[in-house]
Number of protein chains: 2
Amino acid sequence: MVAHRTIERLSVYRRIGTLMHGKGTMHVFSHELAARSGSTAAQVRRDLMLAGITGSPAKGYLVSALIARVNAVLDHPEGLQVALIGVGNLGRAFLAYFLGRKANLNIVAAFDADPAKVGRVIQGCRCLPMQDLVPTCRSLGVHVGLVTVPADQAQAVTDALLEAGVRGILNFAPAKIRVPEGVFVEHVDITALVEKVGYFAARQNKETP
Amino acid sequence: MVAHRTIERLSVYRRIGTLMHGKGTMHVFSHELAARSGSTAAQVRRDLMLAGITGSPAKGYLVSALIARVNAVLDHPEGLQVALIGVGNLGRAFLAYFLGRKANLNIVAAFDADPAKVGRVIQGCRCLPMQDLVPTCRSLGVHVGLVTVPADQAQAVTDALLEAGVRGILNFAPAKIRVPEGVFVEHVDITALVEKVGYFAARQNKETP
DNA sequence: GGATGTGAACTATTTCACAGCC
DNA sequence: GGCTGTGAAATAGTTCACATCC
């Protein structure tokens, strides 16, 4: 079990590594990964160490080995099956973003309560009605739910995902969702983030460090 | 200067407080805020203490005083002016979400490079061309930039925002952006978050704690 | 000389636990 | 009895610093 922050950064290192690999770069130093990921060289070395990735002082880390090892740590053997619930603007943004991007992370189903959206193919993904959520997610073996519905529907959607056996939820609704022990929830609160940026934008370097 | 995490949670407590206030609730206990925000009672008390919010053992915290004090800590006197750059699906989602929601947090301008979008009013906000970014943001006194453009445009947009005097950026592009000392950047990396949820969804309670 | 790998130190954040109050 | 306010302890996360290697 690797630490939360390290897992997020490994995903970033892999993206950078994949980009470099596509350009034919074979090796990378920790300070290069740090510069491209917004981290520090010491942090990168620590993260790679925790993931069991090893390099050499002469050439740094082998890009292909880095990618392979992050794959082994992060990826599910059969790929990560993701369901999207709520095909509003935010949901469509994620559909467009993940569509055909990466073989190991697939949005395999999209759901919406709006009858006008159900049945239509949006960003290449057919929009299904809410009552199909439990059977469809169960039969597709969905691991993660992306919740992009309004706040008042978040708990109902969560309960359905739980019933379908989903054990991880990324929640963009501005509402707390209740889940049983053992289910992992990540909550992205846009308002809180904007207000945080506003707060620290005003105060950077204005007070004693 | 209050800690990062505390600032985010204060925003959440205020949203909950505002909701309760609207329903006529006068007082709230730390364990109630904890249950509604996904935190713990001790964490809530610590956060409120750090913000200078004080309650009584008998009645808990006065909701109106909590809101007023969070306002004083988080808000800019003239309101937080936010610019949105990139009116794709993600940008439209934020426009729709923030439109008329809260007097103290306004998206005051939206920009896009696509000539087909420029000039149109999208979600109640007129879309302006990129070359207007610097003068418009400067004259409106924009504090925070919401970057929702593709990765390859993120740095150019950032540089323009910096030139316009913006000191805080919320970046949704999957790319690291360089800013000078004193500018606050929050990077939301959707891919990393989905992969993190996938990782911990599979591993919750499967390994020794 | 400049890199990795990593124990140790440091900083940030959360939780415990309890005195004091109603 | 249950709650607030808060030192103190515990935990999580980051950075330092240096032995070691190429």
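Since the model is a prediction, treat every value here as computed from it, not as a measurement. The chains referred to below are lettered A, B, ... by the order of the sequence lines, with proteins before strands, and numbering in each begins at 1.
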Query raised in the report: Are any of A:His31's side-chain N or O atoms less than 4.0 Å away from OP1 or OP2 of C:dA3?
Result: yes
Query raised in the report: At under 4.0 Å, does any side-chain N or O of B:Thr54 touch on OP1 or OP2 of D:dG5?
Result: yes
Query raised in the report: Any side-chain donor paired with an acceptor under 3.5 Å for B:Thr191 and A:Tyr97?
Result: yes
**Report entry** Whether A:His143 and A:His76 hold their rings parallel, tilted or perpendicular, with breakpoints at 30° and 60°
**Finding:** tilted
Query raised in the report: Aromatic rings A:Phe98 and A:Phe94: how do their planes relate, parallel, tilted or perpendicular, breaks at 30° and 60°?
Result: tilted
Requested in this report: Answer with base, sugar-phosphate or nothing: what part of the nucleic acid does A:Thr6 contact at a heavy-atom distance below 4.0 Å?
Outcome: nothing
Query raised in the report: To the nearest angstrom, how far is B:Phe29 atom CZ from D:dG1 atom P?
Result: 17 Å
Report summary line: Ordered by number, residues from residues 7-21 of chain A within less than 4.0 Å of DNA chain D (heavy atoms) are A:Arg9
Requested in this report: May I ask you to list the residues of residues 43-50 of chain A, by number, that have any heavy atom positioned under 4.0 Å from an atom of DNA chain D?
Outcome: A:Gln43, A:Arg45, A:Arg46
Query raised in the report: When you check the phosphate oxygens OP1 and OP2 of C:dC22, does a side-chain N or O of B:Ser56 lie under 4.0 Å from one of them?
Result: no
Report summary line: Walking DNA chain D from its 5' end, the first of B:Gly60 and A:Ala42 to be reached, judged by nearest nucleotide, is B:Gly60
Requested in this report: Take the protein atom NE2 of B:His4 and the nucleotide atom P of C:dT13, then report the distance between them rounded to whole Å.
Outcome: 7 Å
Query raised in the report: For residues B:His27 and B:Glu32, is any side-chain donor paired with an opposing acceptor at under 3.5 Å?
Result: no
Report task. Kindly indicate whether the side chain of A:His21, heavy atoms from C-beta on, has any atom under 4.5 Å from the side chain of A:Ile67. Result -> yes
Query raised in the report: Applying the side chain to side chain contact (heavy atoms under 4.5 Å, CB included) test to B:Thr136, which of B:Val134, B:Leu133, B:Asp132 qualifies?
Result: B:Asp132
Requested in this report: Taking atom CZ of B:Arg15 as the centre, report whether more than 12 heavy atoms of other residues, nucleotides or ligands fall under 6.0 Å from it.
Outcome: yes
Query raised in the report: Does the pair A:Lys196/A:Asp189 count as a salt bridge with the N-to-O cut at 4.0 Å?
Result: no
